[in-house]
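Report on the following structure.
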Amino acid sequence: MNNYFVILAAGKSKRFNGKIAKQFFIYKNKEIIEHSVEKALNSKLFKKIVIVSNNLKYFRKKKYPKSITIIKGGKERSDSSLKALNYLKKYKPNNVFIHDAARPNFSNKLLENIVINLKKNRAVVPVVNSTDSIKYKIKNQIFNLNRDHSLLTQTPQAFRFKDLYNLAIKEKNKVNDEATLLLDQNYKIKFIKGENQNYKITYLEDIKFPTTYYGIGFDIHKLEKNKKLYLGGIKIPFHSGLKGHSDGDVILHAIIDSILGATKKKDIGTYFPNTKKYKNIRSPKMLKLILVSLEKFDLTINNLDINLICEQPRVSKYRDKIIKSISKLMNLNKNLINLKGKTVEKLGLIGKEKAIACEVIISITKYD
Ligand code: ZN
């Protein structure tokens with residue numbers, strides 16, 4: 001893997017109506033650019049991420065890992081892109097991805113898909129069909145363009161570094177994207193299916209209206225001797241484990257139900273009935289399947305609050321570990337997760353250490 005990711009964020013956002021450059025506008029709980037930075041970083045597909053920006057002051061405050069470098073941008077998009085390529089040359093990259101910071105909504109799946117296609121192709125560019133009718137003008141005549149034959153290019157676009165570098169240093173025109181550069185030189189590009197959600201934010205109006213929803217989840221499982229105890233996706237040393245069709249992880253089950261609640265998608269039993277197929281399924285897998293099924297919706301989790309109800313084990317002892325595990329499983333910042341321990345004064349089944357229960361509340365913002 002010798003892939004490098006370039007994020008172009010030097011634009012002045014002339015068409016954006018906000019008071020600040022759009023890449024620093026708060027969108028879904030963070031600056032627009034941070035979505036691309038986090039996605040590239042979390043994908044673990046890149047050796048280095050290069051951010052090209054003219055607002056170096058903003059980045060000075062950021063505590064990024066070493067694999068992220070900030071360089072100063074140029075006047076036009078193509079100048080910034082060339083600056084990044086010049087900077088990267090010394091690393092001898094195999095492939096380089098060029099991405100516009102104004103597209104914060106691409107999925108990890110798209111990145112993976114590009115990587116797969118790069119194995120057999122020298123250039124990979126995601127495209128979508130236009131939903132608007134398109135006309136084009138030559139001199140004073142206007143022609144219809146067949147919508148089905150017109151392709152709108154998106155980013156990230158990926159190339160063999162050498163190809164792109166050699167073309168970019170020679171190019172005199174200010175091209176709008178790297179695909180243009182290659183097409184002008186009759187280079188072959190593999191066009192793959194892009195994502196409608198991966199639209200470019202150009203105008204303030206492009207930012208969709210958010211609505212916040214809440215979901216509640218509850219679960220309880222009996223404890224049983226000689227079983228492993230799983231809570232929040234990790235194994236906890238204990239005299240008993242939770243009995244169930246799956247591994248009985250009450251925390252993850254309650255989280256799943258809270259997500260399904262907030263998104264109005266029924267309950268955990270609908271997706272994981274007590275059938276042979278799901279016998280002994282691990283709960284992280286269940287959570288992952290639910291999260292993947294929601295990827296096509298434009299959702300952001302704002303926070304997660306968890307009550308673990310049990311006499312033993314002590315939550316305080318495992319709190320950090322459990323939060324870390326949930327954060328990893330859900331790709332959610334640790335600071336958005338809270339875990340409380342609640343004992344029940346030795347009352348009932350839970351008090352006698354014969355069961356563990358959990359309740360969760362989640363807040364999710366949907367953009368539509
Ligand atoms: Zn359960």
Side-chain angles (χ1 to χ4, degrees), residues 213-294 299 301 303-315 317-319 321-332 336-344 346-364:
Y213 298 89
Y214 302 93
I216 189 169
F218 175 82
D219 197 24
I220 183 164
H221 282 259
K222 267 191 192 167
L223 281 161
E224 194 178 58
K225 293 268 181 221
N226 302 319
K227 246 196 127 191
K228 287 174 191 153
L229 176 64
Y230 289 100
L231 289 174
I234 53 165
K235 206 160 80 185
I236 307 274
F238 198 51
H239 57 66
S240 304
L242 292 166
K243 197 179 157 182
H245 196 67
S246 63
D247 61 11
D249 192 326
V250 282
I251 296 185
L252 295 192
H253 294 179
I255 290 176
I256 290 172
D257 257 348
S258 72
I259 297 170
L260 295 173
T263 53
K264 268 185 70 188
K265 301 239 176 295
K266 298 181 185 162
D267 55 27
I268 192 168
T270 309
Y271 302 91
F272 304 102
N274 289 345
T275 54
K276 218 172 149 193
K277 189 178 170 194
Y278 297 115
K279 182 98 186 109
N280 296 325
I281 187 174
R282 286 290 319 277
S283 300
K285 200 174 162 190
M286 297 162 73
L287 179 61
K288 181 109 195 269
L289 288 168
I290 293 295
L291 291 172
V292 165
S293 75
L294 293 176
L299 305 171
I301 296 174
N303 79 310
L304 193 62
D305 189 21
I306 307 161
N307 278 343
L308 185 66
I309 308 157
C310 59
E311 216 58 49
Q312 288 289 342
R314 304 305 283 190
V315 168
K317 203 173 159 188
Y318 299 102
R319 179 177 284 120
K321 270 191 182 167
I322 293 175
I323 288 179
K324 203 177 151 194
S325 160
I326 295 169
S327 153
K328 213 175 145 195
L329 290 170
M330 299 183 70
N331 211 348
L332 183 67
L336 303 177
I337 306 168
N338 187 57
L339 172 62
K340 307 195 287 294
K342 189 91 197 115
T343 56
V344 290
K346 305 220 181 306
L347 292 168
L349 276 179
I350 294 175
K352 291 184 182 68
E353 291 183 28
K354 287 200 161 69
I356 294 181
C358 181
E359 57 187 2
V360 167
I361 186 159
I362 198 167
S363 154
I364 291 179

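Atoms within a ligand are numbered from 1 in the order they appear, just like the ligands themselves. In what follows, residues are counted from 1 in the order of the sequence shown.
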Exercise for the section: Look at atom NZ of Lys265 and say whether more than 12 heavy atoms of other residues, nucleotides or ligands are closer to it than 6.0 Å. Expected result: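 More than 12 heavy atoms, drawn from other residues, nucleotides or ligands, come within 6.0 Å of this atom.
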Practice task
Check whether more than 12 heavy atoms from other residues, nucleotides or ligands sit under 6.0 Å from atom NZ of Lys346, and answer yes or no.
Solution key: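 Not more than 12 within 6.0 Å, no.
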Problem - Gap separating the CG atom of Asp305 from the CG atom of Leu336, nearest 0.5 angstrom - result: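 Taking CG in Asp305 and CG in Leu336, the distance rounds to 12.0 Å.
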The Zn ion (ligand 1) to [X]: nearest N/O/S atom name:
X	answer
Asp219	OD2
His253	ND1
His221	NE2

Practice task
Ignoring hydrogens and angles, state whether a donor on the side chain of Gln312 or His239 is under 3.5 Å from an acceptor on the partner side chain.
Solution key: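 Gln312 vs His239: no donor-acceptor pair found between side chains.
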Exercise for the section: Examine all N, O or S atoms of Asp249, backbone included, and report whether one is under 2.8 Å from the Zn ion (ligand 1). Expected result: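 Within the cut-off used here (under 2.8 Å), Asp249 places no N, O or S atom near the Zn ion (ligand 1).
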